[in-house]
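Each chain gets a letter, A, B and so on, in the order the sequences are listed, and its residues count up from 1. Model, not experiment: these values are computed from the prediction. Side chains are part of it too, since the values below use all heavy atoms of this structure and drop only hydrogens, waters and symmetry mates.
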Amino acid sequence: MSSDILAKGYEPKEVEQHWYDFWQREGLFSAKEHSEEKGYAIVIPPPNVTGVLHMGHALNITLQDILCRYRRLMGDNVLWMPGTDHAGIATQNVVERKLAEEGQTRDEIGREKFIERVWQWREESGSAIINQLKRLGASCDWQRERFTMDEGLSIAVRKVFVQLYNENLIYQGNYIINWCPRCNTALSDLEVEHEDLNGHLYHIHYPFTDGSGSIVVATTRPETMLGDTAVAIHPEDERYQDITANEVVLPLMNKTIPIIRDSYVDMSFGTGGLKVTPAHDPNDFELGKRHNLDEVKVIGDDGRMTENAGKFQGLDRFECRKAVVEALKQEGLLEKIEDHLHGVGHCYRCKSVVEPNLSKQWFVSVKPLAQKALEAVQQGDTRIIPDMWKNTYYEWLNNIRDWCISRQIWWGHQIPAWTCEDCDEMIVATETPTACTQCGGSRLVQESDVLDTWFSSALWPFSTMGWPENTPLLNTFYPTATLVTGFDILFFWVARMMMMGLHFMRDVPFRDVYIHALVRDEDGQKMSKSKGNVIDPLHTIDQFGTDAFRFTLAAFAAQGRDVRMSENRVEGYRHFINKLWNAARFSLMHLKETSELPPAETLALPDRWILSRLQATAEAAKEALDQYRFNDAAGTLYQFVWHEFCDWYLEVIKPVLYLEADESNDTRRKSTLAVLEQVLQETIVLLHPFIPFVTEEIWSKLPGTTGSIMQATFPLLTPDNAGLHRDEAAEAQMNLIMDVITGIRNIRGEMNLAPSMKLAALVQSASDKNRSVLDAHRDLIENIARLSALDIMPSGERPPSAATAIISGATVFVPLEGVLDVAKETERLEKELKKIGVELSKVSKKLNNEDFLGKAPADVVEKVKEKHQQFLEKQQKLQANLERVRNLA
RNA sequence: GGGCGGGUAGCUCAGUUGGGAGAGCAUCGGCCUUACAAGCCGAGGGUCACAGGUUCAAGCCCUGUUCCGCCCACCA
């Protein structure tokens, strides 16, 4: 890495680790707590401690890193707050599995030991995900790394819980919640994933007690009938106007239950009869409350039938379903079984079928909090980008229901509530109480439940900055600038951070929320282990380097669109990294020392041109990044580096670099080298947010650079604007020259003339200005177009037997005496002519349209007229040439 | 049942106030031209899903149809 000349190919492995260590050692990721500079903060969506880096993280982290590195170049004081989430259920499941491998269960070792094990496990593997983030180049302020179970964050959690409880926004109660029998815990509505499954609809006779027949009810879960406490019908259902009975016999249970009338019942469904199971269905629960029905819980928390299920007690819920159906069949009460597609809830962590169950749990009364979160976005205090997600956000907040926050697991923040065993008093406090506030007794037992993981992550933007203390960090960085996240946690996380931030900080947690899409495989399928289509980001990095991988992600991250990832695509962008590397390698062969940029007016045309293009590129890149248009920014830079800087500028200056040494040539060469140095340096600064490693490596090799590229300034912001400015005249002149060269290359390609074959060319242009521009750069044109001679004339004889290229402002002839393939050239010209004919008729049509002339804006009309003129000229020239070529035949 | 996104070249996708349809990859032809064959030069290829409408002008705006994908929802 110390040789002056770079290696022939870029080898990411050799430099990535080196530079990452360097950045950390130099403290370049560290935010300043107190600073005059603008504070710009991003809090990381904390990955689960159990996590392994996947494509979703890679995209998420890359976009954040691009923003952070960009803002540093813009001179902001950047804080990228890193950390991990304790991920209650997920982590507990992982550790339970490990225990199972040792032949143990958590109940056997007990709560305290179990939690110890989790901590121990976290110590061992908790840094794996963090190290993987580092391989992506993530410039997080690692010294501030937090964990949702940290002492500080735990204090914040308790403080929030207690305050919400005191404000009557947290309450405890018996309601129907989603219960996962596998994880043995309650879940919030969000943690249930509905999946449409092919099930059955069972139609069951419930005989009237007076022997006057029966009513048929339908259910998808026949085992719940054991807990039925009523049958409901619609009060206006004509089918049941004449029934004499008020009660039915609940089959299999030999129990009498009432027939109730409620307009909730949908008359159009089945027979219009509804079995009511208040303990196992949320609607039935409501119905039960209205009609004072008993709540009979027949499915236990372990997924087995309770003693209330009579002879079915102890059966697993699914076995019980079969047994109930069999028993009903035998009693002749099963009318029929239909196939039925319906949504079934599954646990988002273990995929078990979730059971709606009656249970005593803790809830957050979210409506008041949600209202503020809604308004903050409506008022524009927080922007959601892309805009379309606003509707989804509103929709959810408008229909929000209370949030079940208690979990019957061990790993998490234990709820700070204590019950006095003497007087049953409930004490909710931030500090562990020593005596009952009511009776003074000391037999206090803490609530065993822990909080939903998302409760602590909802506080993340301020708990990580030291809240509830009023810290300098909070003053400098709250509200944070941008949250970058996937839409899959818009409700879980974003909406709840909004609620908590507004409630406890009295300000939104972030100004912008940038929602990125999902990473899918190249066929658009969601990546999953079972499909076997998972691409491991680390594998991709090992193969192609972090920079190529990051650039690929950025290039495909169009707003609102999923990213389709394949290693082939990364390979494509590795070519780009290599291209840049080689451009630098070439430049460094000539850049032996740093030099001042000479005044613009003394520079040669290509130099002024590239500086102008660089300026345009910097402006476009800034504009795109400011709007989170990562793909546009990446595309703009790609285009500039490859097609303007490499394809044209470097080729054009080669002759200058190889000029013989004499005084005037040396002056010319020196100023070109100064421009080359400047452009290369500014270009890698522009690219640095996307591809940090290779740009740092090149930076370190450039003469005249010191420190890290991370300390550089974004080109548009340097005091002298890095010598950059748009130069329209230079761009127009260079375009003419490039058009002439392209025209000649075109002929060469079409006529199958070897590049090694030198050609003579004649350019005719009626414009004095154009002729003088071409004349002044005759060497350049001859060199790049490989010409033996170049004539430039105002007009005159068209050379016979020549191929022609008609460009804007000039006509190029390549005389091919004896070589010209007349048929081929005729065909080529005819084709061109046909094309231009189509264009011409389009504009002519417009110009012949009175309405267009009368109603279109003047500048548009003017533009069309100009075009018409141009097309007409081109057509005439083509026709003349075609005639001439035809005469040759 | 509601809501959202998408249908543009063979593939993957850009296309930001409506004004001559673009890129990358792939394909074809020609090149070892002293940074790069991970390269250079050139070429071909599109009824912008379909049908209407608004407009002087529609890939873009409106209506309808259709096909994909996703999210939300307590109809048994």
Quote, to the nearest angstrom, the [atom1] distance that separates [N] from [M].
N: B:rU8; M: B:rC50; atom1: C1'; value: 15 Å
N: B:rG44; M: B:rG7; atom1: P; value: 27 Å
N: B:rC11; M: B:rU16; atom1: P; value: 23 Å
N: B:rC72; M: B:rA26; atom1: P; value: 39 Å
N: B:rC25; M: B:rG45; atom1: C1'; value: 14 Å
N: B:rG19; M: B:rC61; atom1: P; value: 11 Å

For [X], what residues pass the side-chain contact (heavy atoms from CB on, under 4.5 Å) criterion, not counting sequence neighbours?
X: A:Q869; result: A:E873
X: A:N391; result: A:Y394
X: A:H205; result: A:S214, A:V216, A:L333, A:E335
X: A:D547; result: A:Y10, A:I577, A:I691, A:P692, A:F693, A:V694

What is the distance, rounded to the nearest whole Å, between atom CG of A:D821 and atom P of B:rG30? 15 Å

Using whole Å, report how far CD1 of A:I653 lies from P of B:rA35. 11 Å

Heavy-atom pair of closest approach, residues A:F492 and A:E191: CE2-CG, 3.8 Å

Can you see which heavy atom on A:A633 is nearest to which on A:A624, and at what distance? N-CB, 3.6 Å

Candidates A:L840, A:I807, A:I806 - the one meeting side chain to side chain contact (heavy atoms under 4.5 Å, CB included) with A:K874: A:I806

When all nucleic acid strands are considered with a 4.0 Å heavy-atom cut-off, which category describes A:H643: base, sugar-phosphate, or nothing? sugar-phosphate

On RNA chain B, compare the nucleotides closest to A:D196 and A:V265; which residue's is nearer the 5' end? A:D196

Please identify each residue that fulfils ring pair (Phe, Tyr, Trp, His ring centres under 6.0 Å) with A:Y573, with sequence neighbours left out. A:F551, A:Y638

Does A:R828 reach the main-chain N or O of A:A803 with its side chain, forming a donor-acceptor pair under 3.5 Å? no

By side-chain hydrogen bond (donor to acceptor under 3.5 Å, both in side chains), A:H575 pairs with (sequence neighbours left out) none

Is the terminal nitrogen or CZ of A:K579 (NZ for Lys, CZ for Arg) located under 6.0 angstrom from the six-membered ring centre of A:F645 and within 45° of that ring's axis? no

Can you list, by residue number, the residues of residues 486-496 of chain A that have a non-hydrogen atom closer than 4.0 angstrom to RNA chain B? A:F491

For RNA chain B, the dot-bracket pattern of Watson-Crick and G-U pairs whose distances stay under 3.5 Å, | for other-strand partners: (((((((..((((.....[..)))).(((((.......))))).....(((((..]....))))))))))))....

Shorter than 3.5 Å, N or O on both sides, protein versus nucleotides 53-57 of chain B: list them out with atom names.
| from | atom 1 | to | atom 2 | distance (Å) |
| --- | --- | --- | --- | --- |
| B:rC56 | OP1 | A:K855 | NZ | 2.5 |
| B:rC56 | O2' | A:N849 | ND2 | 3.0 |

Can you check nucleotides 5-7 of chain B for protein contacts, nitrogen or oxygen pairs under 3.5 Å, and list what you find?
none

B:rC75 OP1/OP2 closer than 4.0 Å to side-chain N/O of A:H234: no

Phosphate OP1/OP2 of B:rU16: any A:Y628 side-chain N/O under 4.0 Å: no

Which donor-acceptor pairs under 3.5 Å do side chains of residues 738-758 of chain A form with protein atoms, sequence neighbours excluded?
| from | atom 1 | to | atom 2 | distance (Å) |
| --- | --- | --- | --- | --- |
| A:T742 | OG1 | A:M738 | O | 2.8 |
| A:R748 | NH1 | A:A754 | O | 2.8 |
| A:R748 | NH1 | A:M757 | O | 2.6 |
| A:R748 | NH2 | A:M757 | O | 3.3 |
| A:R748 | NH2 | A:A785 | O | 3.0 |
| A:R748 | NH2 | A:R786 | O | 3.0 |

Hey, are A:K654 and A:E651 close enough for a salt bridge, meaning a charged N less than 4.0 Å from a carboxylate O? yes

One character per nucleotide, please: for nucleotides 36-48 of chain B, 5' to 3', B when the base has a protein heavy atom closer than 4.0 Å, S when only the sugar-phosphate does, - otherwise. BSBSSSSSS----

Residue pair A:K863, A:D859: steps toward the salt bridge (charged side-chain N to carboxylate O under 4.0 Å, His left out) verdict: CA-CA 6 Å; A:K863 232 167 119 182; A:D859 59 320; over 6 Å; no

